[in-house]
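Below is one structure; the comments refer to it alone.
Read the numbers this way: they start at 1 and go in the same order the structure lists the ligands and their atoms.
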Amino acid sequence: MKIVKEAKTFQQVNTELLIVGVQKNCDHIQGWNDFVSFYGESIEEWIRSGDIDTERKKMTRIPYTGDNGQLKRVLFVGLGDTKTLTENELRETFGLVGNQLRALKANEFTIWLESFTASPIDENDIAFLFAEGTGMGFYQVPNYKTSSNEVDAYLDAVHFVTNADIDEIAASYKVGSVYADAVNEARTLVNLPPNLLTATELGHYAQQLAKKYNFEVEILTKQELEELGMGGILSVNKGSVEEPRLITIKYQATEKWEDAIGLVGKGVTYDTGGYSIKPKTGMVGMKGDMGGAAAVLGAMQIIGEVRPDKNVVAVIGSTDNMISGDALKPDDVITMYSGKTVEVLNTDAEGRLVLADAVTYAKQQGATTLIDVATLTGGVITALGYDKTGALTNNEALFDAFIEASIETGEFVWGMPLTEKDKKRIRKSDVADLNNSPGSDGHMIFGGGFVGEFVENTPWIHLDIAGTSDAANAYDLGPKGGTGVMVRTLATFVERLGEQDS
Ligand code: BES
Ligand code: ZN
Ligand code: ZN
């Protein structure tokens, strides 16, 4: 639990570290003169000379040797020209601060809130973005090194120098850290090695989450999936010695279970490609093929904390995609949970088979709007790169609202077309209703479009996070590895829907 404390003046600061934002025109900041007289005139000279860098995202650390016996150093955070500073840039800047906090092992520190004010970003926004950004930037990938005897750093208490209402600030800070913690949980799920995170384990994780937040939860086993005839997920699981799981979590906000938003995640704990096997270089990293499931579980964690006014049903299909004498083969024809038949042309297009059954189940469980999230295709990376999530929809109004949430969180989402001609190619098969791999041209659309065949007329958004779920390099808001992408956007979207309904 992070504790929030208040210091009214700089003299009252009683941590070793103070964090101060420096902009192009510091003298405009409320309280700047107080700060200068506290620290000493040299500050203004260092800013002028560039020894303290005011450029956006640049950090300068300077020792403090004045009268305040507690304070040892000040971290100056460059903001550049605050007229052009966006919320997302401020969040990213705080991500870099989080990284510094970890390097300094600063479990407790003080932030001077007003030094970061930039119209129209007010003190409450800053507190939220600070908690979210530093919380994400602080994250470290768990490792299994036997030689490490380092004590892990953690964020313990934050102190604010501010004139704003400290209770409001504390509330905003709390929500920001709820968001960051959920992203970090999702990142850890993605980063876990596949021998440790099996479908069974993912089920246990969901069960614990549900217990903590009082969600209704159901974990279907292989035998139960067989009884229900879930041919999609079972076919993908056929080559595995690990059992599959279909995980359902319900968050009920209203008295009646109605108008639930369905969040559906791909939880493939390892994707070898099956008999359409991946090349050895393409297989490494496929432990992250459950990034969609992680995004949904992370969003549910935020929902459990924030408790928005919107019913939510989360459904995750989980299995690995392996090879054995019994595994699914290209040319197999399978019957899905919905009753539709599918000609399997490529066993590496497994995610859509798992998602299709999960979507059918989510509808049965009362989802009247659907969002599926999946590391579905390499095609989305070819089309949009590693920093944009690709999307499909059958409902423009729903999609517009989702884009608004994504702008709020700074997670880039881009809509792609799904035409009648595309659908025709998905429905083309001599032996079945559908095929699972119509071609390699523009195949992000075929992946999502296949899922759409099971969504039918329910308002729906498909999110392909194959490019955005796992970062190849460190970035402002986190290290290399699982990013927890879409956790914040899904939760923000649900929160905003709740605000509309009430
Ligand atoms: N899990 C992969 C998609 C993927 C690729 C995720 C790269 C993360 C990074 C998916 O199951 C897959 O193999 N898709 C195939 C589909 C093809 C066989 C139609 C692909 O994208 O090549
Ligand atoms: Zn695959
Ligand atoms: Zn996959």
Check: How far is atom 20 (C) of ligand 1 from its nearest protein heavy atom, and which residue and atom is that?
Finding: His443 NE2, 3.5 Å
Notebook entry, point to check: Touching ligand 1 at all, Lys266? Heavy atoms, strictly under 4.0 Å?
Noted result: yes
Check: Any side-chain donor-acceptor pair under 3.5 Å between Thr198 and Glu201?
Finding: no
Check: What's the spacing between Asp326 CG and Ile323 CD1 if we round to 0.5 Å?
Finding: 13.0 Å
Notebook entry, point to check: Can you name the N/O/S atom of Asp271 that is nearest the Zn ion (ligand 3)?
Noted result: OD2
Next item on the list: Return the residue, atom name and 0.1 Å-rounded distance of the protein heavy atom closest to atom 18 (C) of ligand 1.
Entry: Asn346 ND2, 3.1 Å
Checklist line | Heteroatom N/O/S of Gly351 within less than 2.8 Å of the Zn ion (ligand 3) | finding: no
Note to self: Tell me the nearest of Met286, Arg352, Glu350 to atom 5 (C) of ligand 1, using heavy-atom distances.
What the structure shows: Met286
Checklist line | Exercise: identify the closest heavy-atom pair between Leu85 and Leu79 | finding: CD1-O, 4.2 Å
Margin query: Tell me the protein heavy atom at minimum distance from atom 21 (O) of ligand 1, and give that distance in Å.
Written below: Gly378 N, 2.5 Å
Check: Closest non-hydrogen protein atom to atom 15 (C) of ligand 1, residue and atom name please, with distance?
Finding: Asp348 O, 4.1 Å
Item checked: Lys/Arg N to Asp/Glu carboxylate O, Glu350 vs Lys266, below 4.0 Å -> yes
Item checked: the Zn ion (ligand 3) - closest N/O/S atom in Glu350 -> OE2
Note to self: Under a plain distance cut-off of 3.5 Å, with no hydrogens placed, do Asn311 and Thr254 share a side-chain donor-acceptor pair?
What the structure shows: yes
Checklist line | Side-chain H-bond candidate by donor/acceptor type, Thr419 with Asp422, under 3.5 Å | finding: yes
Note to self: Before we go on, tell me: are the rings of Tyr179 and Phe128 under 6.0 Å apart, centre to centre?
What the structure shows: yes
Checklist line | Distance filter under 4.0 Å to Ala466 heavy atoms, resulting ligand 1 atoms | finding: 6 (C), 8 (C), 9 (C)
Notebook entry, point to check: Starting from atom 2 (C) of ligand 1, which protein heavy atom do you reach first, and at what distance in Å?
Noted result: Asp271 OD2, 3.6 Å
Check: Does the side chain of Asn191 pick up a donor-acceptor pair with the side chain of Tyr139 at under 3.5 Å?
Finding: yes
Notebook entry, point to check: Are Glu411 and Thr489 close enough that a side-chain donor and a side-chain acceptor fall under 3.5 Å?
Noted result: yes
Notebook entry, point to check: With a 3.5 Å cut-off and no angle check, do the side chains of Asn88 and Arg91 form a donor-acceptor pair?
Noted result: yes
Next item on the list: Could you tell me whether any N, O or S atom belonging to Asp289 is less than 2.8 Å from the Zn ion (ligand 3)?
Entry: yes
Check: Heavy atom of Met444 under 4.0 Å from ligand 1?
Finding: no
Item checked: For Ser437, atoms of ligand 1 separated by under 4.0 Å from a heavy atom -> 19 (C)
Margin query: Out of the candidates Asn346, Asp348, Asn321, only one should pair with Ser276 under the side chain to side chain donor-acceptor pair (under 3.5 Å) rule; please name it.
Written below: Asn346
Next item on the list: For atom 14 (N) of ligand 1, find the nearest protein heavy atom and state the residue, atom name and distance (0.1 Å precision).
Entry: Leu376 O, 3.3 Å
Next item on the list: Below 4.0 angstrom from a heavy atom of Lys278, which ligand 1 atoms are there? Numbered from 1 as shown, please.
Entry: 2 (C), 12 (C), 13 (O)
Item checked: Nitrogen or oxygen of Asp289 less than 3.5 angstrom from that of ligand 1 -> yes
